[in-house]
Amino acid sequence: MSQSDAKNAASGVKIYFRLLGYIRSSWWMFLLSILGYLMYSAMEPALAALLKHIVDVVSSGTISENRILIPAAILGVFLFRGTGTFLGSYFMAKIANKVVYDLRTTMFDKLVALPSSYYNDMPSGRLLSKLTYDTEQVIGAVTSAVKTLLREGFTVIGLLGYMLYTNWKLSLLFLLIIPVIGFVVSYASKRFRKLSKNIQNAMGGVSDVASESIKGQEVVKIFGGFEYERQRFSKAADDNRRSQMKMELTKALNIPVVQFLVAIALAVLIWLALDPNLSAQMSAGDFVAFIGAAGMLSKPARQLTDVNSILQKGIAAAQSIFEFIDMTEEVDQGTKALPKAQGNIEWRDLSFQYPNTDRLALNGINLTVPAGKTLALVGRSGGGKSTMANLIPRLYDVTDGELLIDDHDIRQYPLRELRSQIALVNQNVVLFNGSIRDNIAYGYLRDASEQEVIEAAKAANAWEFIQELDQGLNTVVGENGVLLSGGQRQRIAIARAILKNAPILILDEATSALDTESERAIQQALDTLMKNRTTIAIAHRLSTIENADIIAVVDHGTIIESGSHAELLELNGAYAGLHQKQFSEE
Ligand code: ADP
């Protein structure tokens with residue numbers, strides 16, 4: 001074993017024990033399933049013993065009462081064995097499904113506690129497959145390994161015990177040849193498996209060539225590539241045919257070869273057993289039962305040699321799950337209580353760089369919004385407006401400098417309390433597949449009364465269309481609200497923010513999905529909402545933010561101008577330019 005192998009084995013054992021930790025609470029089920037496998041395994045030597053009895057009875061001619069006894073014993077053995085199989089499989093499955101449940105819920109809890117940057121880096125398909133496929137893979141592999149280990153392990157012990165009891169000398173000789181045969185069998189099956197794996201890798205060609213030709217069919221036609229593609233395809237298809245046949249050949253050879261090896265072992269055993277010195281005291285029944293038990297050994301023994309590779313597969317999947325579970329969560333170490341913020345917000349010498357990027361998205365921002373005032377962020381897209389807003393609920397943590405609410409660095413507050421001070425409406429409205437009511441009264445707002453929900457909907461100018469729906473507030477909106485129009489979705493998001501009634505309000509292009517008329521109507525609602533709250537409004541249409549107390553122009557991660565509408569027009573700089581442009585467009 002090389003050093004890295006040893007390290008892998010050690011971490012494999014660690015993972016295995018960690019996985020075992022998940023079944024600790026189900027220990028009694030585990031005991032029941034062990035009991036079941038013991039019952040099952042005990043019946044294998046019992047069958048051999050029964051065989052001996054039948055042969056002895058027949059050869060000695062003492063049939064009479066045995067005529068009932070033996071069939072009854074057979075039924076008894078299978079009844080007992082069946083009960084064992086049931087207990088073993090049922091409780092093992094129960095444990096396995098509980099572990100899958102535990103792993104999944106742990107992973108989900110982790111998922112929602114991860115920093116936003118994680119979601120940007122990880123394709124959601126991969127995440128979902130971790131949650132669904134990997135968990136099942138782990139449990140499938142581990143249960144099948146444990147099951148084999150227990151059931152087949154006990155069976156091997158039982159059968160060997162029976163053989164030793166019947167004729168220990170012969171058994172010991174047999175035990176000497178078993179390892180040799182076992183080694184050859186496991187070597188052969190490993191070779192076969194490796195062969196078929198290599199072959200499988202050579203299968204992709206056909207679909208690759210075909211899909212290229214399908215996608216590029218216009219080029220193939222116009223440039224006359226038909227003959228070339230045809231040859232390529234026929235070569236790939238032929239390679240595939242050859243590989244397929246090789247695989248069939250190895251498969252077809254595998255079973256007879258392995259069986260023949262087992263037959264060699266049995267043949268040697270019988271040759272030994274027929275030695276008069278060794279089998280002098282054996283009855284005909286002993287003899288048959290002994291050979292029978294040896295034959296019954298081959299299947300469990302072979303399965304036991306596979307256990308390790310199955311286990312390795314499970315451990316690899318478990319490793320990826322545990323890596324996920326061990327990921328660092330959002331930093332949440334603040335202890336300063338924030339029951340109700342006043343709403344002073346200050347960006348102080350603040351710089352920010354998104355994880356895994358090589359340039360600052362915000363650079364040296366200094367800006368203050370007094371409580372209850374409105375700050376409008378304007379400027380070209382990509383300038384950094386949303387980033388400035390997203391730092392407030394700590395979707396990301398600042399790289400340098402500070403962001404303060406009520407004169408304290410926001411990292412001093414517990415995340416939950418900080419976030420409960422903020423309501424957000426942004427351009428990509430997120431709705432969950434539930435009723436309109438559940439979407440307005442979402443999360444912390446779940447306990448809001450019907451009347452409050454209706455008030456909020458009215459204030460958001462959404463009540464009118466909700467009333468017209470057949471089911472009113474109970475209308476189910478479909479996945480991500482597909483059953484509603486863009487403007488309706490946005491009004492629901494606004495109603496949600498109104499209901500939250502938080503001291504800080506972030507409107508990131510909140511009215512962008514609306515036509516001018518609805519925008520005007522909602523603007524009134526928003527104006528009411530903005531009273532007595534600190535509001536950060538990001539808007540493309542400058543007409544909507546003219547009344548803001550402070551307007552800041554953000555460009556390339558810095559604030560290039562700030563002041564009131566009138567002041568900035570007076571200044572005749574970037575804001576005046578933007579204003580002029582939009583004015584002339586409209
Ligand atoms: P604005 O809101 O002014 O249009 P943003 O704040 O969205 O601008 O973006 C500012 C800069 O940060 C842009 O250069 C953008 O490419 C980059 N950026 C935005 N979001 C991310 C992200 N999640 N990861 C990496 N870079 C980002």
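Whatever order the structure lists ligands and atoms in, that order sets their numbers, starting from 1.
The contact set between ligand 1 and G383, taken as ligand atoms under 4.0 Å from a residue heavy atom, comprises 1 (P), 3 (O), 8 (O). Distances below 4.0 Å separate heavy atoms of K385 from the following atoms of ligand 1: 1 (P), 2 (O), 3 (O), 4 (O), 6 (O), 8 (O). Close approach of ligand 1 to Y396 (heavy-atom distance below 4.0 Å) involves ligand atoms 23 (N). Annotation for ligand 1: atoms under 4.0 Å from non-hydrogen atoms of R359 are 14 (O). Per-residue contacts place T387 under 4.0 angstrom from the following atoms of ligand 1 (heavy atoms of the residue considered): 5 (P), 6 (O), 9 (O), 10 (C).
Salt bridge status for E329 with K110: present, with a side-chain N to carboxylate O gap under 4.0 Å. The pair R380-D555 meets the salt-bridge criterion, with a side-chain N (NZ, NE, NH1 or NH2) lying under 4.0 Å from an Asp/Glu carboxylate O. Between E323 and K130 no salt bridge is recorded (no basic side-chain N to carboxylate O distance below 4.0 Å).
For the side chain to side chain contact (heavy atoms under 4.5 Å, CB included) test with L507, the passing option among V425, I536, T374 is V425; the others fail.
The protein atom (non-hydrogen) at minimum distance from atom 23 (N) of ligand 1 is N120 ND2, 3.0 Å. Ranking the protein heavy atoms by distance from atom 7 (O) of ligand 1 puts S386 CB, 3.8 Å first. Looking at atom 13 (C) of ligand 1, its nearest protein heavy atom turns out to be G382 O, 3.6 Å. The protein heavy atom nearest to atom 18 (N) of ligand 1 is Y354 CE1, 3.2 Å.
Protein heavy atoms are absent from the space less than 4.0 angstrom from atom 16 (O) of ligand 1. Distance screen at 4.0 Å: atom 25 (C) of ligand 1 has a protein heavy-atom neighbour inside the cut-off.
For CG of N532, the number of neighbouring non-hydrogen atoms (other residues, nucleotides, ligands) closer than 6.0 Å is 12 at most.
Relative to atom 3 (O) of ligand 1, the option among A389, G384, A361, G557 with the closest non-hydrogen atom is G384.
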**Report entry** From CA spacing to verdict: side-chain contact (heavy atoms from CB on, under 4.5 Å), Y396, T387
**Finding:** CA-CA 9 Å; Y396 298 90; T387 307; over 6 Å; no
Requested in this report: Check the pair V331, R411 against side-chain contact (heavy atoms from CB on, under 4.5 Å), reporting the backbone distance first and the verdict last.
Outcome: CA-CA 9 Å; V331 182; R411 282 169 292 196; over 6 Å; no
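Here the shortest heavy-atom pairing between E546 and H565 reads O-CB, 3.3 Å.
Put simply, CG on L111 and OH on Y119 are 4.0 Å apart, with the number rounded to the nearest 0.5 Å.
Ligand 1 has no nitrogen or oxygen under 3.5 angstrom from a nitrogen or oxygen of T357.
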